[in-house]
Protein chains: 2
Amino acid sequence: MYSSLRNSIERFISLSDDDWNLLVPHLEIRKLKKHELLAEIGKASNDVGFVLEGMLRHYYLKDGEEKTTYFYFENHFVTSYISCITKQPSQLSIEALSDCVLIVFPYTIFQDLFEKSMTWQKFGRLIAEYIAIGLEERMVGLLMLSPEERYLELIKGNKIKIIERVPQHYIANYLGITPVSMSRIRNRVAKK
Amino acid sequence: MYSSLRNSIERFISLSDDDWNLLVPHLEIRKLKKHELLAEIGKASNDVGFVLEGMLRHYYLKDGEEKTTYFYFENHFVTSYISCITKQPSQLSIEALSDCVLIVFPYTIFQDLFEKSMTWQKFGRLIAEYIAIGLEERMVGLLMLSPEERYLELIKGNKIKIIERVPQHYIANYLGITPVSMSRIRNRVAKK
DNA sequence: CTAAAACGATAACATAAGATAAGAAAAATG
DNA sequence: CATTTTTCTTATCTTATGTTATCGTTTTAG
């Protein structure tokens with residue numbers, strides 16, 4: 001039942017059954033209908049999700065407008081990470097883009113495990129490093145590439161499923177441009 | 001001698017003397033002349049620095065041009081973090097902007113400490129989380145703010161010393177704009 | 001100290017992106 | 001299945017940014 005979660009964790013670190021069994025009692029299945037939220041702007045979030053089915057996005061608000069900056073698909077973790085770490089109100093909302101099935105557990109439980117087990121403490125570090133690497137790569141793209149180059153990177157890269165599964169105006173947000181501009185870029189690129 | 005380093009570490013986690021003494025034998029003082037490098041593009045880097053005096057920048061290369069994306073000042077760590085973690089060649093070079101005095105130690109030693117001591121393991125996590133939070137904030141700024149807004153944030157924020165101490169064309173890179181555009185923004189902002 | 005290099009402001013021009021609106025196509029909803 | 005609603009494209013207009021070049025000024029380096 002929870003094997004896909006265990007597999008994903010073990011891509012970072014191998015778990016003894018004892019370590020794994022420290023977590024299992026706190027896991028629960030949560031189903032989200034399309035448009036339901038896993039985290040909400042202004043509210044501290046303590047939930048860590050793991051996507052079994054469906055997809056989600058997270059967005060910030062700027063002048064009343066939603067700015068989508070990330071997507072979550074099957075077999076990936078989804079959480080308002082900064083809010084979990086800092087215990088501050090979440091700056092972002094996480095919304096189901098389709099009906100979803102998640103495994104969910106509280107981040108505070110995770111933090112307890114960090115103190116109880118060197119294995120989990122190390123996993124906590126590896127996850128943070130993984131997130132930092134992803135953010136660094138993306139930030140460099142934003143600083144060094146033009147919107148068109150970022151679009152081309154996106155469709156070339158392994159993130160192809162984003163294009164296929166997500167409305168384009170969300171992707172435009174993700175690339176830091178307007179939907180209109182993204183449409184023009186697509187037109188321009190298609191002609192080459 | 002190394003007390004400022006210990007103080008900075010203890011802003012994340014309190015260290016027993018035993019923990020601290022695991023690290024001390026591996027510390028060394030390194031002086032860099034202006035323009036000397038702590039890390040170099042294409043070469044795997046294993047050095048973690050802590051700035052006692054001076055300042056540094058790091059830059060990527062795009063089409064033969066240097067793109068400066070970060071600065072390091074006194075009492076902060078400086079390292080090609082991604083290269084240390086991944087053991088892959090560094091994508092960036094770290095250059096002294098002035099004569100510098102650093103405390104330096106090898107990241108591999110640090111990784112040994114992670115395995116030897118729960119305290120250091122936890123510190124490794126906290127540092128990675130700290131870096132992730134900083135990257136997230138900056139990325140959101142790049143995605144949601146205009147160049148002018150980013151400039152205003154920079155001069156309003158606690159990063160004021162960047163403006164005062166660093167050549168403007170480096171700051172333009174940092175903000176993701178050209179030096180010419182930054183000069184125009186400065187002109188525009190001054191008139192308001 | 002002097003020549004060279006780096007730096008910052010500014011101008012002129014070309015280009016791309018933002019804002020807005022309109023309309024067609026697609027998807028969601030009841 | 002019919003009607004909203006959402007999504008995407010296209011067009012127009014405006015504006016900000018990029019590009020390139022010039023020109024003092026400051027800083028650097030020999």
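What you see is a predicted model, and the numbers here were worked out from it, not measured in a lab.
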A:Lys116 meets the salt bridge (Lys or Arg N to Asp or Glu O under 4.0 Å) criterion, sequence neighbours left out, with none
Are A:Asn46 and A:Thr108 close enough that a side-chain donor and a side-chain acceptor fall under 3.5 Å?
yes
By salt bridge (Lys or Arg N to Asp or Glu O under 4.0 Å), which residues pair with B:Lys67, not counting sequence neighbours?
none
Residues clustering with B:Leu61 (ILVMFWY side chains joined when closer than 4.5 Å, directly or via others)
B:Leu37, B:Ile41, B:Tyr59
Those residues that, when tested against B:Glu40, pass salt bridge (Lys or Arg N to Asp or Glu O under 4.0 Å) (two or more places apart):
B:Lys43
What residues, two or more places apart in sequence or in another chain, satisfy salt bridge (Lys or Arg N to Asp or Glu O under 4.0 Å) together with A:Asp19?
none
Are OP1 or OP2 of D:dT9 and a side-chain N or O of A:Gln168 less than 4.0 angstrom apart?
yes
Using only side-chain N and O atoms of A:His169, determine if any of them is under 4.0 Å from OP1 or OP2 of D:dC8.
yes
Test: salt bridge (Lys or Arg N to Asp or Glu O under 4.0 Å). Region: residues 84-108 of chain B. Which pairs qualify, not counting sequence neighbours?
B:Arg57-B:Glu95
Using the C1' atoms of five pairs at each end, what's the angle between the two axes of the helix from C:dC1-D:dG30 to C:dG30-D:dC1, to 10 degrees?
70°
Given the ring of A:Tyr174, does A:Arg138 sit roughly above its face, with NZ or CZ under 6.0 Å from the centre of the six-membered ring and within 45° of the axis?
yes
Which word best sums up how the rings of B:Phe110 and B:Phe123 line up, parallel for under 30°, tilted for 30 to 60°, or perpendicular for over 60°?
perpendicular
Residue pairs fulfilling side chain to side chain donor-acceptor pair (under 3.5 Å) with at least one residue in residues 76-85 of chain A, sequence neighbours excluded:
A:Ser80-A:Ser90
Please encode protein proximity along nucleotides 17-22 of chain D as a string of B, S and -, counting only heavy-atom distances under 4.0 Å.
BBBB--
Between the OG atom in B:Ser117 and the CE atom in A:Met118, the distance rounded to the nearest 0.5 Å is 6.5 Å
Under-3.5 Å N/O pairs linking protein and nucleotides 24-29 of chain D:
{"residue": "D:dT28", "atom": "OP1", "partner": "B:Lys34", "partner atom": "NZ", "Å": "2.7"}

Students should find this one: the first and last nucleotides of DNA chain C, 5' to 3', lying under 4.0 Å from a heavy atom of chain A. What are they?
C:dA17 to C:dA28
Mind checking ring pair (Phe, Tyr, Trp, His ring centres under 6.0 Å) for A:Tyr130 and listing every partner two or more places apart, or none if nothing turns up?
A:Phe12
Sub-6.0 Å ring centroid separation between B:His58 and B:Phe71
no
